[in-house]
Structures are given as structure tokens and as C-alpha cells.
2 protein chains.
Amino acid sequence: MTSDLPIISLGNIDEDGRSERKDAAANRKLILETAEALFAEKGVENVCMAEIAQAAGVGKGTLYRRFANKAELCLALMDTQMVEFQNRMLAEFRKMTVNRVPQMAQLEFFMDGLVHFTDAHAPLLSEVQSEGLLQERRSTEMPHFWQYMTVHGLFQTAIDAGELPQGLDTEYLADALLSPLMVDIFRFQREVRGFSLERISEGLRVLIAGLRHCVD
Amino acid sequence: MTSDLPIISLGNIDEDGRSERKDAAANRKLILETAEALFAEKGVENVCMAEIAQAAGVGKGTLYRRFANKAELCLALMDTQMVEFQNRMLAEFRKMTVNRVPQMAQLEFFMDGLVHFTDAHAPLLSEVQSEGLLQERRSTEMPHFWQYMTVHGLFQTAIDAGELPQGLDTEYLADALLSPLMVDIFRFQREVRGFSLERISEGLRVLIAGLRHCVD
DNA sequence: CAGATAAGCGGACTTGAGTCCACTTGCAAA
DNA sequence: TTTGCAAGTGGACTCAAGTCCGCTTATCTG
């Protein structure tokens, strides 16, 4: 059942299904490339929107027409890599399922991949998540959305397969298991606590493993 | 061993141990009262710093000398209630320990209390946490600090008491267990997912219960 | 091809955060 | 009591975010 996990992407389709005007599409590309270059040069958090607009040679109005804020811009920049990661994971899931690898092992594999993904994209993710989970806008495009769908899906399948007891609150558990990977906390653990990626993965593995036993 | 858990409070002692000048202390009090009133009237997120300064009849400079930002101001406003909560919990721990209540049950009790505490103070906590975990400044006064110390302490004691297997990464687990209570995620679960407090508590209970079994 | 028009564009403007600094005042030592 | 000065004060100023609105242009229709 892992095959119906969603792949989420922005694409360049407007909400109405209408595609952009040619000049607008060119500008979007220009802005994204300019932003990527500036981010690489000075670090994501040291680049402001006005600076991006100026470097791209467009007005602030244009920039904000395409991307309502820095979070959205950063989300667009991550889009390709997010889709790539999702595809890689889906391919692995398929392979593992063929090889009769238990769902819970697949979940551990996913979480481990996510730890590395989060680490690799921490600066962009910081901006993306600074917007907050609460904004309705674009919520289905937020990283948390597909991460949640994946974890939740794996939990459900694990229950169906008898790997987990029935009656677990998979909706809550999916959110809870993902919450230590929200960037704020993740970066805190990495930068202040000094945890290694392996240590974080192992910690999550322990949490996951525990679920197998406890129901009462 | 629960008796050496810390109680964290701001107090009105300067970092150098020097106490404030009388006029300054009066202003701090005035500012806190004004802010509290404005927050109650218009909601925490709808009140800006300039507004607080004006309503209190002081300049922005004065306001910012006392409180480096809105987060710090909100933290000061929560101070009393935080200390109260901590004391209530410590008292309960003592009582429970006398009655031979297992450490893990005490942890569940604490987490349940924390769920209610977080819910009750969500707006102020949102401001406090918007500062982010990463700022070194005042990190020991942040809610997460004493929450972490408490959970970590309970884990350790549980291990010493043989309730949990040795070798658990208690430092990681304390952070991880608390992370679904970071306001962003908590509010998301409450407001978007629509989870009840009971459901959240129960979910946490399941996570905690799992730890008893899994080590390998 | 011409005209209509929705989409796109740019930059001035508004708003709030936070800094700076010249001026004032409480307090303690002489 | 005077006086030195660290602490306190107020508000102008800087900086970035995000909005607004009058002008321009791609694209569609006749």
C-alpha cells in the first residue's frame, strides 16, 4: 500500500490551473536563480527580499507577486530536491516490500533518510518553517505534509500487517514522531546539544521500536 | 532524587547580582502591568512593542532596556505561573515518591500537566518560542530548559530504579518527548488537526510506555 | 491587425522591530 | 550637601517585511 503515497510538488501551475504568462515565467526562473546564487554566497538568513529583487533586476512588487514571502521562495527552491527525495524513498519502499522487509523497518529507514535530508537542508527549512505550521496557505506543499502522509501511511500498513497493535493513534503518533525533526528542535539538538546524525537516528529508532509493545 | 530538580525564575536580579534602581524597578512593574492589560484586551499577537511603551507612558528605549524583545517580556509575564507550576509538580513528585508511585507514572503525570500548561499559555508561549531555541541568551530561563531537566531527571531516576532498561539515550529522549509540546506543533495539533488535550496526553503516554520494552 | 483586458511590473509607502545616543536622575562617597 | 557617574530614559533613526496602486504589456477575440 506504500504505492499510493503522494508526491507533492509546486510545479508552475497557478491555483486556477491556468499557466503563467511567458514573461512572468521567465522572471520566476530569474528570481529563483538569483536567490539561489545569493543564498550560496552569503547564507540564506543574510539575504533579504529587497536584495534578491535588486540583484534580479526586478521590483519588490514583482518578487512578492511570485512569492508571498521568503518562506515560499525557499520552499520553491527546495521543491526539486524534495521530489527527488520522495521518489528515492518510494523506490526503496517498493524494493523493500518486494523483499518482505517489515513496514516498521521501512519506517526506520525513512526516518533515517529524513534526518539526513533535514540536516542537509536546514537553512532553507528554517525559513520555510518560520512561516509556521498554522498558515493555511500552501499547507499541502509544506514538507511536514508529505512527511506526515508517509509516516502515517507506514503506520497504517504496519497495523494491517500485524506488526503493530490495533488501536494506536496513528495520526497523533505520526505528528509526534516527526516533531523532533522540525528545524528549530533539530538545529538545537545539532548545534547546542551537539548530537550527531547517528545519535538522532538511533534515538528515533528507539521511540519507534517501543511502539511495537505497548498498548494496554 | 526528584528533590534536586531546579526551579527556574527570572527574579529581578541583574546578571551581575546587582539589583535595579528604584525608578527602574517601578518602570518594570508598570510595563509588565500595562502589557498584561493590553494583551488581555487585544490578544498577545495584536500588541506591538511601541504600543506597550506608549500605553505605559515610557519611551521605546526604556522598554527595550528592560526587555530585549517581546519574547523576553512574555517570558517575564509567565514567570510566576511557571514557578507555580514547577512547585506544584515538585510537591506531587514528593508525594508520589513517598507512596511508591513508579517514576514512569510520575513522568506521565508531568507530561499530562504540561499538556494543560501549554494549552493554557499557548499565546504567550508562542511569543516566547518565536525567539527560537538557538539564542544563547537566557536559555536557562526558557521553558524548555526546566521541562528538559525534569523529564531527563525522571528518566534517569527510572533507570536507577530499574523501571527502564540501562543504555537508553535519556538526553535525546527527553528532548524528543518534549518536542510535540513545542507551541508551533502543539497549536497545529490543537487548531488544525483538532486534537483534544486528552488525545494528546494519551498519545504521549503511549510513547512513554513503549520505552519500557525496547532496548536491543 | 486592432482593441480590450487581465496579468504583470516597479517602486513609493506603511508598519513594526530593534538600535543609538544625547540628556537626566538616583545614589553613594567625600 | 555637593558632586561624580553609572544607570536610566525618550524618541529619532535604520532596516527589513510586506502592501498598494498607477503604468505597461502579453495574449486573446473579432
Side-chain angles (χ1 to χ4, degrees), chain A residues 12-32 34-35 38-39 42-76 126-132 135 137-138, chain B residues 12-32 34-35 38-39 42-76 126-132 135 137-138:
Chain A
N12 34 4
I13 308 294
D14 191 305
E15 270 157 34
D16 314 338
R18 213 195 208 56
S19 80
E20 298 178 305
R21 233 165 69 173
K22 229 176 3 198
D23 53 346
N27 257 340
R28 139 169 287 145
K29 193 157 162 281
L30 174 63
I31 288 169
L32 285 175
T34 307
L38 279 177
F39 287 166
K42 315 178 50 172
V44 177
E45 73 258 331
N46 302 314
V47 179
C48 74
M49 292 295 268
E51 200 176 349
I52 296 170
Q54 184 165 36
V58 304
K60 278 181 74 175
T62 305
L63 175 54
Y64 276 101
R65 165 170 293 270
R66 282 288 141 330
F67 306 102
N69 48 44
K70 205 170 162 187
E72 216 170 90
L73 173 57
C74 290
L75 188 56
S126 281
E127 293 297 332
V128 171
Q129 291 184 14
S130 72
E131 173 82 348
Q135 268 51 47
R137 267 164 50 82
R138 306 231 169 263
Chain B
N12 34 6
I13 308 292
D14 190 306
E15 269 157 34
D16 313 339
R18 216 194 204 60
S19 79
E20 295 178 308
R21 235 163 68 173
K22 229 176 3 201
D23 53 344
N27 256 340
R28 137 168 290 143
K29 191 154 164 284
L30 174 64
I31 288 169
L32 285 174
T34 308
L38 279 177
F39 287 166
K42 315 178 50 173
V44 178
E45 72 260 330
N46 302 315
V47 179
C48 73
M49 290 296 268
E51 201 175 350
I52 295 169
Q54 186 165 34
V58 304
K60 278 181 74 175
T62 305
L63 175 54
Y64 276 102
R65 165 169 292 270
R66 284 286 142 334
F67 305 102
N69 47 46
K70 205 170 163 187
E72 216 169 272
L73 172 57
C74 290
L75 188 55
S126 281
E127 292 297 332
V128 172
Q129 291 183 14
S130 72
E131 173 82 348
Q135 268 54 44
R137 266 163 52 81
R138 306 232 169 261

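Here is the naming used below: chain letters follow the sequence lines, and residue numbers restart at 1 for every chain.
As a whole-Å value, the separation of Tyr64(A) OH from dG8(C) C1' is 18 Å. Separating the CZ atom of Arg28(B) from the C1' atom of dT9(D) is a distance of 15 Å, rounded to the nearest angstrom. Atom pair Glu45(B):CD and dG16(C):P shows a separation of 14 Å (rounding to whole Å applied). Distance Lys70(A) NZ to dA16(D) P: 10 Å, rounded to the nearest Å. Atom CZ in Phe67(A) sits about 14 Å away from atom C1' in dG8(C), given to the nearest Å. Spacing between atom CD of Glu51(A) and atom P of dG18(D) amounts to 15 Å, rounded to whole angstrom units. As rounded to whole Å, 13 Å separates atom C1' of dA16(D) from atom CG of Leu63(A). Whole-Å rounding puts the Glu72(B) CD to dA17(C) C1' distance at 14 Å.
Note that NZ of Lys70(A) and OH of Tyr64(A) are 9.5 Å apart. Values are rounded to the nearest 0.5 Å. Note: Leu30(B) CG to Thr62(B) OG1 = 10.5 Å, rounded to the nearest 0.5 Å.
Side-chain contact between Phe67(A) and Cys74(A) is absent, with no heavy atoms from C-beta onward closer than 4.5 Å.
Heavy-atom minimum distance, Ala71(A) versus Glu131(A): CB-CB, 3.7 Å.
Between Ala68(B) and Arg65(B), the one whose closest nucleotide on DNA chain C sits nearer the 5' end is Ala68(B).
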Next item on the list: Could you run through nucleotides 10-15 of chain D and give me one letter per nucleotide, 5' to 3': B if any protein heavy atom sits under 4.0 Å from the base, S if only the sugar-phosphate is that close, - if neither?
Entry: BB----
Identify all side-chain donor-acceptor contacts of residues 44-58 of chain B below 3.5 Å with residues at least two apart in sequence or on another chain.
unit_1	atom_1	unit_2	atom_2	d
Asn46(B)	ND2	Lys42(B)	O	2.8
Glu51(B)	OE1	Cys48(B)	N	3.3
Glu51(B)	OE2	Lys42(B)	NZ	2.4

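Nearest nucleotide to the Met49(A) side chain, out of dA17(D), dG18(C), dT9(D): dA17(D).
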Next item on the list: List the steps, then state whether side-chain contact (heavy atoms from CB on, under 4.5 Å) holds for Asn27(A) with Leu63(A).
Entry: CA-CA 9 Å; Asn27(A) 257 340; Leu63(A) 175 54; over 6 Å; no
